[in-house]
Number of protein chains: 2
Amino acid sequence: MNTVKIKAARKPRVRRPYHHGDLPERLVEVAEAVIRERGVDGFSLREVVRRAGVSPAAPAHHFGDARGLLSEVALRGFRAFGDALAAADARGGTDPEKRLYEQGLAYVTFALKHPARFQLMFRHGKYDIGYKDLPAASERAYQVLEDAVRAAMGLAAGEPMTDDANGFLMATWSVVHGFAHLALGEELTRPARARGGKDQVLQALLPLTLKHLPRPKRPR
Amino acid sequence: MNTVKIKAARKPRVRRPYHHGDLPERLVEVAEAVIRERGVDGFSLREVVRRAGVSPAAPAHHFGDARGLLSEVALRGFRAFGDALAAADARGGTDPEKRLYEQGLAYVTFALKHPARFQLMFRHGKYDIGYKDLPAASERAYQVLEDAVRAAMGLAAGEPMTDDANGFLMATWSVVHGFAHLALGEELTRPARARGGKDQVLQALLPLTLKHLPRPKRPR
DNA sequence: CAACCGACTAAACAGTGTCAAGATACCATG
DNA sequence: CATGGTATCTTGACACTGTTTAGTCGGTTG
């Protein structure tokens, strides 16, 4: 509500906002709230501007179009995602298998705790894949996984990935990614299947699944 | 273009169509073509009626609203999907591991050969989950997988699924489902990662990944 | 033949994203 | 301190979307 207007006499070069405090920031927050409540498909730029109390054309100058705004949201999602994976990796210490397990746990946990972000991140077509340093943020999250895989397969940092390592990586990634999607799609909690909510999925189903994470060094 | 009008004097009870040959059928075909070309998000009911040459309100009487039409498309997708999995399962013969491998292959192949269908099927919110016998069709596809898992884990048909069996099932499902999603999202074919198109994914990356399908009976 | 009914059209409505003009508030400069 | 200049935002409009309402047509049936 209150627009901040104080503290204008610091440095002359700081780009201070306008009517609205900091509209771009506010728009991103509101956009995230909207997809949190209405889902990625339920997103509406007009709903965002309505909540932010500005005109429908206001976001244009900052983000271009709706895709631009969603790209910013996705970028932040990838940053937070990469952070979560890196933290989990560190939690795994020096044991490659533990690092991968922790990453898998964190992967699914992130997806279930921030479903809107996660679903947007993997819904190309809703945002611009090349937006600002989104490619870097996305690639960084990927690298966290690849590094742990390299350690598990005994590959140095510079060495090229072998076919085996790539297969191992893709299988690991696929398990956690697939589990996240299935859980978010309520596929795992149908009446005929196991029941329970998100907590049950995370605490019971996920560990049962992660027992079957690929193990390195097993030929044929 | 040509509406079929011949052969009207068969049986008096057959519900014969109207202006348009068979509009419901035509709408489903066109709808599938639209999502094939424009993606699930690019779907537009008005584009469908435009191509079918009817008014925007025409689908209402047959399918209610747009969700209804997409539900029918999804239903057919699940039927074809279940058929493909069952055929692959049969191809696996009596070896449980082979049955699961073939199913995994078929799962991803279906996703890459019919991306529009597949993506719609797993995009709840775009269609009605309880539409007609869609639940049955979806559950049937699931059962094909569960049956093979039961065989692999040595469980009889009536026996309840154990935690181990469920974990094994979810892990298997997650790998192929995740791989399909990653492949469709172009995540596996980024410049930094492995290159190549769909064929390369199916022929090179997928086998590398399926090597790491969960193996039954491995405790801890 | 008349009445009926399912299938479709025509027209309209509210909602969407985006664009072209214009107004406004801040900024640096004279 | 006044004065442009410019980034920021508003207003109004446009084309598009899905859905509803009322009406019309086609074919069958009593």
Side-chain angles (χ1 to χ4, degrees), chain A residues 3-28 30-31 34-35 38-73 125-128, chain B residues 3-28 30-31 34-35 38-73 125-128:
Chain A
T3 65
V4 186
K5 278 215 159 192
I6 49 177
K7 224 162 190 218
R10 269 293 265 170
K11 284 204 176 167
R13 274 275 149 242
V14 286
R15 170 63 47 85
R16 304 212 91 274
Y18 192 59
H19 285 143
H20 219 282
D22 189 350
L23 183 56
E25 192 60 32
R26 178 97 186 101
L27 288 174
V28 172
V30 174
V34 169
I35 62 176
R38 311 248 245 249
V40 177
D41 289 323
F43 173 83
S44 148
L45 189 60
R46 285 192 114 106
E47 175 65 22
V48 171
V49 300
R50 215 173 287 131
R51 294 192 192 188
V54 294
S55 80
H61 198 273
H62 301 286
F63 299 102
D65 52 6
R67 292 172 60 86
L69 176 52
L70 286 179
S71 301
E72 179 64 34
V73 175
K126 282 289 180 185
Y127 64 91
D128 181 11
Chain B
T3 65
V4 186
K5 278 212 162 201
I6 48 177
K7 225 166 192 213
R10 272 292 266 168
K11 285 203 174 169
R13 273 277 148 240
V14 285
R15 170 63 48 83
R16 305 214 89 273
Y18 191 60
H19 287 143
H20 218 284
D22 190 348
L23 183 55
E25 192 59 31
R26 177 98 185 100
L27 288 175
V28 173
V30 174
V34 170
I35 62 177
R38 312 249 245 249
V40 177
D41 289 322
F43 173 84
S44 149
L45 189 59
R46 284 193 114 107
E47 175 65 21
V48 171
V49 299
R50 216 173 288 132
R51 295 192 191 187
V54 294
S55 80
H61 198 271
H62 301 285
F63 298 102
D65 52 6
R67 293 171 58 87
L69 177 52
L70 286 180
S71 301
E72 178 64 32
V73 175
K126 284 288 180 186
Y127 65 91
D128 180 11

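Chain A is the first sequence line, chain B the second, and so forth, proteins listed ahead of strands; every chain is numbered from 1.
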Distance in angstrom units between [X] [atom1] and [N] [atom2], rounded:
X	N	atom1	atom2	result
B:Asp65	C:dG15	CG	C1'	16 Å
A:Leu23	D:dA7	CG	C1'	13 Å
B:Phe43	D:dG18	CZ	P	7 Å
A:Phe63	D:dT8	CZ	P	11 Å
A:Asp41	D:dT17	CG	P	17 Å
A:Leu27	D:dT8	CG	P	12 Å
B:Leu69	D:dG18	CG	C1'	13 Å
A:Lys126	C:dG17	NZ	C1'	12 Å

Have a look at [X] and say if it touches a base, only the backbone sugar-phosphate, or nothing, with a 4.0 Å heavy-atom cut-off.
X	value
A:Ala66	sugar-phosphate
A:Arg67	nothing
A:Ala58	base

Just wondering, do [Y] and [X] contact through their side chains at under 4.5 Å, heavy atoms?
X	Y	answer
A:Asp41	B:Asp41	yes
B:Phe63	B:Leu45	no
A:Leu27	A:Glu72	no
A:Val34	A:Ser44	no

- Verify, without hydrogens or angle tests, whether A:Arg67 (side chain) and A:Tyr127 (backbone) share a donor-acceptor contact under 3.5 angstrom.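 Yes, because the side chain of A:Arg67 sits within donor-acceptor range (under 3.5 Å) of the backbone of A:Tyr127.
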- Message: Nearest to the side chain of B:Val54, heavy atoms from C-beta on, is which of C:dT9, D:dT19, D:dT10?
- Response: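 My answer, after comparing the listed nucleotides, is C:dT9.
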- Between C:dC8, D:dT19, D:dC9, which one does the side chain of B:Leu45 approach most closely?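 My answer, after comparing the listed nucleotides, is D:dT19.
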Counting only side-chain N and O atoms of [X], is one of them less than 4.0 Å from OP1 or OP2 of [N]?
X	N	value
B:Ser44	D:dC16	no
B:His62	C:dC8	yes
B:Arg50	D:dT17	yes
B:His61	C:dC8	no

- Message: Let me spell it out: for each of A:Ser55 and A:Arg46, pick the nucleotide of DNA chain D with the closest heavy atom. Which residue's pick is nearer the 5' end?
- Response: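 Of the two residues, A:Ser55 wins.
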